[in-house]
**Q** 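First, the structure itself, so that you have it in front of you.
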Amino acid sequence: MNAQPHRPEKTILRALAGEKQGVPPIWMMRQAGRYLPEYRATRAQAGDFLSLCYNSDLAAEVTLQPIRRYGFDAAILFADILLVPQALGADLWFVTGEGPRLSTITDQAGFDRLKPVEAIHDTLNPVYETVRILSRELPREPTLIGFAGAPWTVATYMIAGRGTRDQGPAHALMAENPAVFDALMARLTEGTIEYLSAQITAGAEVVKLFDSWAGSLKGAAFQRYALEPARAIIAALKSRHPGVPIIAFPREAGDNYIGFARATGADCVALDNSVSADWAAEKVQVDGCVQGNLAPHHMVTGGPDLVAETRRIVQAFSGGPHIFNLVHGITPAADPDNVARMIEAVRG
Ligand code: CP3
C-alpha cells in the first residue's frame, strides 16, 4: 500500500480534502443571478426563469458568466431546488416579485398523485445535459458543483405550495399526519439520491445539499428530519461515487452545526451568519472544512465594512480548511463591483 494520499490539484477540492490554504478558495451562492446584466440578458432570451433552468445551453452559459467575469474557484450548476418537486409531478411556477408557487400536498391523496422516483429523470435530463456541457466547457481550474435541496426544505415548499416564514404548514402535517409526512420525506430522500447521483455521473465534481429551513427543526426533529436524511443521502452517494466530496448546508442549525459533518459524513459544512466565524472555527472547523460566512448585504453596501468583514472572516478561519462564501444568495440589488472588491479582499 502506498501511504502517499492523492493530493487534488483544484483549490476547492484541496479545501474539501481538509487542506488549510493561505488564500481560501472562493465562490458565491447565486453567483449567476439578476445582479449581473449578462444574466438578465440570457434570462430574457430564455423567456423566464424555469425555461432558463431547462435550456441546457443557456443554463450552461449563465453558469459560466460569473466565472468569466470574476474567476471564481467554483462554478455552481444553474438550476433550482424546486425542479425535483416538479419532476415528481407537482405544478411549479414563479410569481414575479414574490417567489415560487407549487400545488400543495396536504393528505394521502395528494401524496399518492406524486410520480415514482424512477420518473424524475424524464424531467431532469436537461439538467444533466447542462452538467455535461459544463464539464466540457469549464476552464481547468474551477470546480463544478452540483446541488439539490434537502428533503425537509423541499418538503416545506411542497406542503405549503410556497415559501413560508416559519414553515408552519410542514410542521402541522408532521404533527397531524406523520404517515404522509414521513412518506413524502422518504420519497424526497430517494429522489435526491438519484438526482445527485445522476449529476455526478454527468460530471459534477462536488455536490451540495441545501437545507435552507433546517433551523426551524429543533431537538429530536432536527435529528430525524435534517441530520438523518443528510446522512442517508451522503452514505448512498459515497458508496456509489467514492471520493466525490459533499457540502452540507443545514442553515441556521446553531448548536446543531457541532458534529454535523462527523454524524452525516459530509466533507464540509456551510455556515450562515447566525453563528460567528470565531465560534465556528472553534466548534465546527475542528471536524474539517467549513464554508462561509459573509452577509450578502455587503454586496449592496460595499465600502470599508465589506473589506474589513471579509478579512475578519478569512482570518478567523485561517487555522483550517475554509471555502469563502456568502451565507445565502447574492441579491439582485448587489453592485457587481463589490463582488470584485470582495474577491480582492480575500486574495489580495
Ligand atoms: O447558487 C446558484 O447560483 C445555483 C443555482 C440556485 C438557484 N436557486 C437559482 C435561482 C440554487 C442553488 C438555488 C437554491 C434554492 N432555490 C434554494 C435554497 C437556497 C436558498 O436560497 O435558500 C431555495 C429555497 C430555492 C427556491 C427559490 N428559487 C426561491 C425561493 C426563489 C425566489 C427568490 C428569488 O430570488 O426570486 C428562486 C428563484 C431563483 N433560483 C433565482 C435564481 C438565480 C432567481 C430567478 C430569477 O432569475 O428570477
Side-chain angles (χ1 to χ4, degrees), residues 26-55 58-67 69-70 72 74-86 90 92-102 127 130-131 134 142-158 160-165 167 170 192 195-196 199 204 206-216 247-253 270-273 291-292 296 299 323 325-334 339:
I26 179 168
W27 67 281
M28 219 172 50
M29 284 189 261
R30 298 267 175 102
Q31 61 191 23
R34 285 165 292 184
Y35 74 107
L36 289 180
E38 59 268 36
Y39 171 85
R40 294 196 299 270
T42 309
R43 184 184 187 275
Q45 194 187 335
D48 57 42
F49 171 65
L50 282 175
S51 307
L52 179 53
C53 290
Y54 290 115
N55 183 321
L58 296 184
E61 165 59 23
V62 294
T63 305
L64 291 166
Q65 287 168 349
I67 305 300
R69 188 189 263 257
Y70 298 114
F72 283 115
I76 183 155
L77 165 69
F78 190 84
D80 197 83
I81 68 164
L82 300 178
L83 303 187
V84 166
Q86 191 172 37
L92 171 68
W93 67 102
F94 280 80
V95 178
T96 312
E98 291 186 32
R101 294 290 183 274
L102 301 89
V127 177
T130 306
V131 176
L134 287 167
T143 300
L144 179 55
I145 303 179
F147 72 93
W152 161 248
T153 288
V154 174
T156 66
Y157 287 91
M158 294 181 82
R162 58 191 296 161
T164 46
R165 198 160 285 278
Q167 296 75 59
T192 304
Y195 182 44
L196 289 176
Q199 290 182 28
V206 171
V207 293
K208 178 171 174 186
L209 197 57
F210 283 83
D211 210 350
S212 303
W213 300 120
S216 81
I247 303 172
F249 185 26
R251 193 170 74 89
E252 298 195 353
L271 302 162
D272 67 89
N273 61 342
Q291 178 176 283
M299 299 299 104
I323 299 169
N325 207 314
L326 305 179
V327 299
H328 55 82
I330 185 167
T331 54
V339 176

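Both counts, for ligands and for their atoms, begin at 1 and track the order of listing.
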**Q** Can you report which non-hydrogen protein atom sits closest to atom 23 (C) of ligand 1, along with the distance?
**A** I81 CD1, 3.4 Å
**Q** Taking the inter-plane angle between the rings of Y157 and W213 on a 0 to 90° scale, is it parallel (under 30°), tilted (30 to 60°) or perpendicular (over 60°)?
**A** tilted
**Q** Decide whether the shortest distance between a heavy atom of A79 and an atom of ligand 1 is less than 4.0 Å.
**A** yes
**Q** Does ligand 1 have any atom that is closer than 4.0 Å to a heavy atom of Y157?
**A** yes
**Q** Check each atom of ligand 1 against the heavy atoms of F78 and keep those under 4.0 Å away; list them by number with element.
**A** 43 (C)
**Q** Starting at CZ of F94, measure out to CG of L102 and round the result to the nearest 0.5 Å.
**A** 8.0 Å
**Q** What are the two closest heavy atoms between E252 and D272, and how far apart are they?
**A** N-OD2, 2.8 Å
**Q** Using a 4.0 Å cut-off to any heavy atom of Q31, which atoms of ligand 1 qualify?
**A**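 With Q31 as reference, the close atoms of ligand 1 come out as 3 (O).
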**Q** Heavy-atom contacts under 4.0 Å between T331 and ligand 1: side chain, backbone, both, or neither?
**A**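 Near ligand 1, T331 shows nothing, with every heavy atom at 4.0 Å or more.
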**Q** Counting N and O atoms only, with roles assigned by atom type, does the side chain of Q199 sit under 3.5 Å from a partner on the main chain of F147, one being a donor and the other an acceptor?
**A** yes
**Q** Atoms of ligand 1 less than 4.0 Å from Y39 heavy atoms?
**A**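 Answer for ligand 1: 43 (C), 45 (C), 46 (C), 47 (O).
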**Q** Tell me, do V154 and P85 make a side-chain contact under 4.5 Å, heavy atoms counted?
**A**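 Yes, side chains in contact.
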**Q** Check I76 against T63 and note the closest heavy-atom contact, atom names and distance.
**A** O-CG2, 3.2 Å
**Q** From the options M28, K208, R34, select the one whose nearest heavy atom is closest to atom 34 (C) of ligand 1.
**A** R34
**Q** Flag S212 as yes when one of its N or O atoms lies below 3.5 Å from any N or O atom of ligand 1, and as no otherwise.
**A**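 So ligand 1 has an N or O lying under 3.5 Å from an N or O of S212.
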**Q** Kindly give the heavy-atom pair with the smallest separation between Q31 and A75, and that separation in Å.
**A** NE2-CA, 3.7 Å
**Q** Check each heavy atom of P100 against ligand 1 and say whether those closer than 4.0 Å belong to the side chain, the backbone, both or neither.
**A**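 Only the side chain of P100 comes within reach of ligand 1.
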**Q** In sequence, state the C-alpha distance, the side-chain angles, and the governing distance for Q291 and W27, and then conclude on side chain to side chain contact (heavy atoms under 4.5 Å, CB included).
**A** CA-CA 10 Å; Q291 178 176 283; W27 67 281; 3.1 Å; yes
**Q** In terms of atom number and element, which parts of ligand 1 are under 4.0 angstrom from non-hydrogen atoms of M29?
**A**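 With M29 as reference, the close atoms of ligand 1 come out as 1 (O).
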**Q** Using a 4.5 Å cut-off on heavy atoms from C-beta on, say whether the side chain of Y195 contacts that of V207.
**A**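 SC-SC contact between V207 and Y195 ruled out.
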**Q** With heavy-atom distances below 4.0 Å as the criterion, list the atoms of ligand 1 near L77.
**A**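 Numbered from 1, ligand 1 contributes 4 (C), 5 (C).
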**Q** What do you reckon, does F94 put a non-hydrogen atom under 4.0 Å from ligand 1?
**A**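 Contact present.
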**Q** Please state which protein non-hydrogen atom is closest to atom 26 (C) of ligand 1 and give its distance, to 0.1 Å?
**A**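 Checking every protein heavy atom, the shortest distance to atom 26 (C) of ligand 1 gives D80 OD2, 3.5 Å.
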**Q** Look at atom 45 (C) of ligand 1 and say which protein heavy atom is nearest, naming residue and atom and giving the distance to 0.1 Å.
**A** F49 CD1, 3.3 Å
**Q** I need the contact type for H328 against ligand 1. Using non-hydrogen atoms and a strict under-4.0 Å cut-off, is it side chain, backbone, both or neither?
**A** neither
**Q** Please identify which atoms of ligand 1 are closer than 4.0 Å to at least one heavy atom of A32.
**A**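 In order of number, 43 (C).
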**Q** Out of all atoms in ligand 1, which are within 4.0 Å of some heavy atom of R43? Include the element for each.
**A**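 Near R43, meaning under 4.0 Å from one of its heavy atoms, ligand 1 has 46 (C), 47 (O), 48 (O).
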**Q** Which atom pair, heavy atoms only, marks the closest approach of V127 to A79?
**A** CG1-CB, 4.4 Å
**Q** Which one holds for R251 and ligand 1: side chain close, backbone close, both close, or neither close, with close meaning a heavy atom under 4.0 Å?
**A**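 It is neither part, as no heavy atom is under 4.0 Å.
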**Q** Is there a donor-acceptor pair closer than 3.5 Å between any side-chain N or O of N325 and the backbone N or O of M29?
**A** yes
**Q** Assign the ring pair F78 / Y39 to parallel, tilted or perpendicular, where the plane angle (0 to 90°) is split at 30° and 60°.
**A** tilted
**Q** Only heavy atoms count here, so choose which of E98, R40, R30, R162 is nearest to atom 33 (C) of ligand 1.
**A**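 Considering heavy atoms of E98, R40, R30, R162, the nearest to atom 33 (C) of ligand 1 sits in R30.
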**Q** Could you tell me, atom by atom, which parts of ligand 1 come under 4.0 Å of a heavy atom of I76?
**A** 1 (O), 2 (C), 3 (O), 4 (C)
**Q** Looking at every heavy atom in both R101 and R162, which two are closest together, and how far apart are they?
**A**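 Heavy-atom minimum between the residues: NH2-NH2, 3.1 Å.
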